[in-house]
Novice: 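Structure incoming, see below.
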Amino acid sequence: MGDFNLEQHQLTVAEVHRNLAPSALYEHAIRYEKDASIADNGALVAYSGVKTGRSPKDKRVVRHPDSEGNVWWGPVNIPCDSQTFAINRQRAIDYLNTRDRLYCFDGFAGWDPTYRIKIRVICSRPYHALFMRTMLIRPTLMDLASFGTPDLTIYNAGAFPANRLTAGMGSTTSVALSLEDRELVILGTEYAGEMKKGVFTVANYFAPKRGILSMHCSATADKQTGRSSLLFGLSGTGKTTLSADPKRHLIGDDEHCWSDDGIFNIEGGCYAKAINLTPENEPDIFQALRFGAVLENVVLDEDRAVDFTNTGITENTRGAYPIEFIHSAKIPCVAGHPSDVIFLTCDAFGVLPPVSALSPAHAMYHFISGYTAKVAGTEVGVTEPQATFSPCFGGPFLVWHPYKYAELLASKMKQHGARVWLVNTGWGGGAYGTGKRISLKHTRAIIDAIHDGTLAKVRTECDPIFGFDVATECPGVPREILTPRSVWTDASAYDGAARKLADLFRENFKKYESDVSAEIKAAGPA
């Protein structure tokens, strides 16, 4: 890009490559990366080194008078002082200044031009530049010419460690964010996902300040009306699978905002789990992993074919690709206000109904709770499902208190008449080990009935413990499985499991009780 330099960032390296095309980044990766290669499907294969996942305990946010009253301090947002941040920033700059060449990618977060954020990524690895070219919204030449000062600058010096003797550091890894300087500094981890989630964390701070709800969810839209549907859910609940619906447009698979104008995807790409990927189970994702995509930490066989079953490096193998590689994607990734908001949970206790309608208070309670349950591990003697709660279905990326996001959700749902549903994709007729997993066919039928309005008209019954309205009929779903107690062979065993799950909900919610209204507290299990 001509005479472009990074001197305003105190970076004096003469060779700076700005917004290189994928083909050029492939060439640089093969030439300069230690282990990069090209898979037989055309994707660039790269490795993140020791860290193959996020390092949440090493995330720090600068405590500053201008923002400290807004931040939800604690294990998610661990505070550091401005001096610690300055030391880390200088360490990153000093390292980057020792490199022979640097890569810069300027792009956007947010498909709605009114609300988009300008992001600058500065890194020393071609793989990181291609990854962020994939995950951010790619600018036109005209956008680049007028890009100006970024709203967030990411200094990725992940190949260089943090100094663990620096005040407030927990290890040689540091992901430090200054909301006032609008800078993210990465040291001691080369896992590319830290950049993606850093951008989401920044969006999670600035969006609510503008009255916009930022959300960790997938989204689809009706092809005729343009109204959207949101699917919230933790890992393993079916968020990505259920958003791959050929009858609807895909808006995005992971990060969205809800503004006064509708919803928009924050990202320009998708970052999908690649473990056990097959063309039969995930045809859209499988075909998207081609030239221009990045495969991270996968194992290749001698013919350069990807062994998607191999966990030799990590179970967290990933593929990043531009969203336009998905055939059903709507470009630009914007849609109308949601008609439906769906909370997905995989209840391994076998207690929750396949589908329930939530009142506004119940919606806020379950949104703040963010419940799912993982199946028992393979350890000897561990037979119980494990309950997991993640506020707003995205706890690690929140900056404000969860109640802030819940309030925004409630006001937008009320304003735009969105219905709210709790859909259990887990077990029925008993807990994991005795009951049966609710079939994907039945869950898809439930989602279809939500989208076409059928489910809003069926008869419901109030759940005596959880208080929400349980749908008693749904086209394509056996009537008996819709009320969980009736499909357990031992009704008293169901009652015991339901009481236990209710206790887990109540215990988890204690940490939020002082910040929420009496109405929301009352929406918890009886």
Side-chain angles (χ1 to χ4, degrees), residues 1-2 4 6 15-48 99-109 111 116 118-145 147 150 154 156 158 190-196 199 250 252-254 265-272 274 277 284-298 300 304-306 317-327 329 331-333:
M1 296 295 294
F4 183 79
L6 296 169
E15 188 181 331
V16 177
H17 299 280
R18 185 191 191 203
N19 285 52
L20 284 185
S23 54
L25 288 168
Y26 269 58
E27 289 175 11
H28 282 244
I30 299 303
R31 191 176 298 163
Y32 304 121
E33 299 259 9
K34 190 171 66 173
D35 298 315
S37 59
I38 302 171
D40 70 343
N41 60 14
L44 179 72
V45 176
Y47 299 92
S48 65
R99 302 297 90 194
D100 294 330
R101 66 197 64 79
L102 293 177
Y103 300 88
C104 172
F105 185 77
D106 288 340
F108 301 107
W111 278 89
R116 70 186 183 188
K118 294 186 289 185
I119 310 289
R120 171 163 292 166
V121 180
I122 302 168
C123 55
S124 60
R125 293 189 64 179
Y127 136 59
H128 286 155
L130 182 59
F131 176 86
M132 289 306 280
R133 186 191 187 282
T134 298
M135 296 311 302
L136 291 173
I137 296 159
R138 293 156 286 285
T140 64
L141 288 175
M142 194 178 297
D143 289 332
L144 271 187
F147 195 77
I154 299 174
N156 189 338
E190 296 178 83
Y191 179 63
E194 295 288 10
M195 295 183 286
K196 165 190 157 69
V199 171
L250 175 69
D253 77 328
D254 200 42
N265 190 351
I266 292 173
E267 301 184 293
C270 304
Y271 191 36
L277 191 71
D284 284 347
I285 296 172
F286 196 88
Q287 64 79 32
L289 294 172
R290 55 183 196 260
F291 179 81
V294 180
L295 274 165
E296 196 174 40
N297 297 321
V298 298
L300 301 180
R304 298 284 179 89
V306 183
T317 54
R318 294 273 180 166
Y321 48 88
I323 193 162
E324 59 265 28
F325 282 16
I326 299 293
H327 300 312
I331 309 294
C333 302

Novice: With heavy-atom distances below 4.5 Å as the criterion, would you say the side chains of Arg116 and Asp143 are in contact?
Specialist: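 In short, these two side chains touch, coming nearer than 4.5 Å.
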Novice: List in chain and number order the residues that pass side-chain hydrogen bond (donor to acceptor under 3.5 Å, both in side chains) with Ser23, two or more places apart in sequence or in another chain; answer none if no residue qualifies.
Specialist: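 For Ser23 there are no side-chain hydrogen bond (donor to acceptor under 3.5 Å, both in side chains) partners, ignoring immediate neighbours.
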Novice: Once you round to the nearest 0.5 Å, how far does CD1 of Ile119 lie from CD1 of Ile137?
Specialist: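 Ile119 atom CD1 to Ile137 atom CD1 measures 9.5 Å (nearest 0.5 Å).
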Novice: Is Asp100 close to Tyr32 at the side-chain level, that is, under 4.5 Å between some pair of heavy atoms?
Specialist: no
Novice: Quick check against the 3.5 Å criterion: does Trp111 have a side-chain atom that pairs as donor or acceptor with the backbone of Ile266?
Specialist: no
Novice: Establish, for the pair Arg318 and Tyr271, whether the NZ or CZ atom is under 6.0 angstrom from the six-membered ring centre and no further than 45 degrees off its axis.
Specialist: yes
Novice: Taking the side chain as every heavy atom from C-beta outward, state whether Leu144 and Arg18 have any atom pair closer than 4.5 Å.
Specialist: yes
Novice: Less than 4.5 Å apart, any side-chain heavy atom of Cys270 and any of Asp254?
Specialist: no
Novice: Decide yes or no for Arg138 and Pro322: does some side-chain heavy atom of the first lie under 4.5 Å from some side-chain heavy atom of the second?
Specialist: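 A side-chain contact exists here, since the closest heavy-atom pair is under 4.5 Å.
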Novice: Distance to the ring centre below 6.0 angstrom and angle to the axis at most 45 degrees; does that hold for Lys118 and Phe147?
Specialist: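 Yes, Lys118 and Phe147 form such a contact.
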Novice: Within this structure, what is the CG-OH distance for the pair Leu130 and Tyr103, rounded to the nearest 0.5 Å?
Specialist: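 Output value for this atom pair is 11.5 Å.
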Novice: Quick one: does any side-chain atom of Tyr127 pair with a main-chain N or O of Tyr47 as donor and acceptor, under 3.5 Å?
Specialist: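 The answer is no, because no donor-acceptor pair under 3.5 Å joins these two groups.
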Novice: Would you please test Glu15 and Arg99 for side chain to side chain contact (heavy atoms under 4.5 Å, CB included) and show each step?
Specialist: CA-CA 9 Å; Glu15 188 181 331; Arg99 302 297 90 194; over 6 Å; no
Novice: Tell me every residue that passes side-chain hydrogen bond (donor to acceptor under 3.5 Å, both in side chains) with Arg304, counting only those two or more places apart in sequence or in another chain.
Specialist: none
